[in-house]
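Take a look at the structure set out below.
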There are 2 protein chains.
Amino acid sequence: MGTTSKALALLNYFDRAHSLIGLSDLARMSGTNKATCFRLMSELVEHGLAEQLPESRGYRIGPAVLRLAALRDAAVPLRDLALPILQRLAHTTGETAHMSHLVGGKLATLAYAYSAAHAMKVMMEEADVLPFHATSSGFAVLANLPPQIADAILAQPMVAVTKATPTRPEDVRTRLAEMRRVGYGRTADTYEADVASIALPLFDARGACTGAIAVAAPVTRLTPAATAKTLTALIAAARETMAAWGGQLPPELDALWRKIQKA
Amino acid sequence: MGTTSKALALLNYFDRAHSLIGLSDLARMSGTNKATCFRLMSELVEHGLAEQLPESRGYRIGPAVLRLAALRDAAVPLRDLALPILQRLAHTTGETAHMSHLVGGKLATLAYAYSAAHAMKVMMEEADVLPFHATSSGFAVLANLPPQIADAILAQPMVAVTKATPTRPEDVRTRLAEMRRVGYGRTADTYEADVASIALPLFDARGACTGAIAVAAPVTRLTPAATAKTLTALIAAARETMAAWGGQLPPELDALWRKIQKA
DNA sequence: ACCATCGGTTCATATAATAAACCGCTACAG
DNA sequence: CTGTAGCGGTTTATTATATGAACCGATGGT
């Protein structure tokens, strides 16, 4: 293995719970020799990827990562990341795939892709805003937002987009609980009659839910078998998206998704 | 030099203007052998610090930096970074030092430190909000904000805190122009009678002005000689702060500050 | 006063980094 | 269609660099 890899691997031992790590600890955790660990960390410190506190002499993540992150943000528009993933998702599921992004308290369509498998498909609007209470994406996001923010959204008046749209907060809450239990959001006829969709929440690098990825199809095509197949493809796409975002999937959801993928 | 350093140094060739770099280009720029460059980049890619585009095969900053940046944010409160810097600044200048941070369109005091050099000193309020048109920090920030945002702030009614406070937008603009010309903000008697202060703007990793660092003193003590001494200490403190923030100082200001430091 | 552990250093040894030449490919020019 | 120059990537013997056991002084708890 390359020396550089060993150095970079050291960074993986830092997380929210362990933001400050001493030399000996780090050497033990990583299984590297203390002298080696010291040298590697010194090089990381030299380049600002790590930082050493003067008093405790412990190491933590350095300031240079902020510059790099800003660069990454500037260089990689979310949409460009989303498109190829959605296109693959649309292709493997044979249905319309779309991704939405939480911006300014609204859930906006970021990108979408169609499949050529069927003549009849769910069409999307560019930069459309999705109602939280009437779409699977909305449920997926709402169920993973901090309670006070979710409450604020639920407190707003809810328009019945179709006859099946839930408009009472308690009805929506029931669906959110269900979403949390199974690990994905699912709706049928709530946004448009005869349209069903399945959505997964997406999380950013801070672990906050900031969007959703979904597949929408005519209800008749989303049979139990198709649902299962769609879900596994969705989970793969969601994981891929979050890898590109540097996103942090909550452990509970990770466990639920793993179970689904195994089945 | 260590191999790890060589690998990390490659990341320095990426910036806003060059977010995508080919292998041969990168090898040329860095002066490394192409094979070496390839191996190093491969290791960076493996750990997500860099990313290779499938089509063009060019390299760019990878998604892992987002995770690291989120960690850094969580681990290092701005205030904890500011305090030791301000304490040193207060000590070397013999006057009160403070740092303010732009949050929600307001300039809030983040931290401050006093000097023991004089019995009479400028006192600060915890979490105070600084008026843009009456403080050197306000001028420093305002002069470096995007025009439309600065205009919006200037369009709001301005209260005369003292008799010397400028309250007409054109008067403020004159001072902002002066601030841009010399590279620092300076006020006297505008916030409180007989109090003068000097401030420098601070920039975040995206190159946006998000705060200021300043020294405040009785007008009589801030003589030309003291001003010169204070400025060099302030510049050092500002640079140190931005290093910890991963901040990007605009080239013009960098040039101005260098000139001041030389003189 | 002792022992354990800390961060850091030393130095002979062994392993991993290096660079020139080469490959297959694409694109453009004659 | 062909020659050439550039690309990203690979191979190889050569060599420079990373490694780790032992060691150091400092610190802190028993």
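Rounding to whole angstrom units, CD of residue E55(A) and P of dG7(C) are separated by 14 Å. Whole-Å rounding puts the L53(B) CG to dG8(D) P distance at 12 Å. Distance, L26(B) CG to dC7(D) C1': 14 Å, rounded to whole Å. For L10(A) and dA18(D), the CG to P distance is 14 Å, given to the nearest whole Å. Regarding L8(A), its CG atom lies at a distance of 14 Å from the P atom of dA18(D), rounded to whole Å. Atom CG of L40(B) is separated from atom C1' of dA17(C) by 9 Å (rounded to the nearest Å). Computed from coordinates, the L20(B) CG to dG8(D) P distance equals 10 Å when rounded to whole Å.
Residue R39(A) places none of its side-chain N or O atoms closer than 4.0 Å to OP1 or OP2 of dG7(C). Contact annotation: T36(B) side-chain N/O to dA17(C) OP1/OP2 distance is not under 4.0 Å. Phosphate contact (OP1/OP2 of dA18(D), side-chain N/O of T3(B), threshold under 4.0 Å): present. The side chain of S24(A) places no N or O atom within less than 4.0 Å of a non-bridging phosphate oxygen (OP1 or OP2) of dT5(C). Regarding contacts with the backbone of dC6(C), a side-chain N or O of R28(A) is found under 4.0 angstrom from either OP1 or OP2.
Between D254(B) and R239(B) there is a salt bridge, since a side-chain N of the basic residue sits under 4.0 Å from a carboxylate O of the acidic one. Of the charged side-chain nitrogens involved, at least one lies within less than 4.0 Å of a carboxylate oxygen, so that E95(B) and R221(B) count as a salt-bridged pair.
End-to-end axis angle for the helix from dA1(C)-dT30(D) to dG30(C)-dC1(D), using five pairs per end and rounding to 10°, comes out at 40°.
In this structure the side chain of L11(A) never reaches within 4.5 angstrom of the side chain of H47(B), judged on heavy atoms. Looking at heavy atoms from C-beta onward, L71(B) lies out of side-chain contact with V65(A) at the 4.5 angstrom threshold. Within the 4.5 Å cutoff, the side chain of S56(B) has heavy atoms near those of the L20(B) side chain. Inter-residue side-chain proximity for Y13(A) and D25(A) is flagged as unmet; no heavy-atom pair is nearer than 4.5 Å.
For the atom pair M123(A) CE and T96(A) OG1, the distance stands at 7.0 Å (nearest 0.5 Å). Atom-to-atom distance recorded for L23(A):CG and K34(A):NZ is 6.5 Å, nearest 0.5 angstrom.
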Test side-chain contact (heavy atoms from CB on, under 4.5 Å) on M99(A) and L202(A) and set out the steps. CA-CA 9 Å; M99(A) 193 182 296; L202(A) 298 170; 3.9 Å; yes

Which pairs, protein N/O on one side and nucleotides 8-14 of chain C N/O on the other, fall under 3.5 Å?
unit_1 : atom_1 : unit_2 : atom_2 : d
dG8(C) : OP1    : Q52(A) : NE2    : 3.1
dG8(C) : OP2    : Q52(A) : NE2    : 3.2
dG8(C) : OP2    : Y59(A) : OH     : 3.0
dG8(C) : O6     : K34(A) : NZ     : 2.7

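For the pair D25(A) and G2(A), both in contact range of DNA chain C, the more 5′-proximal nearest nucleotide belongs to D25(A).
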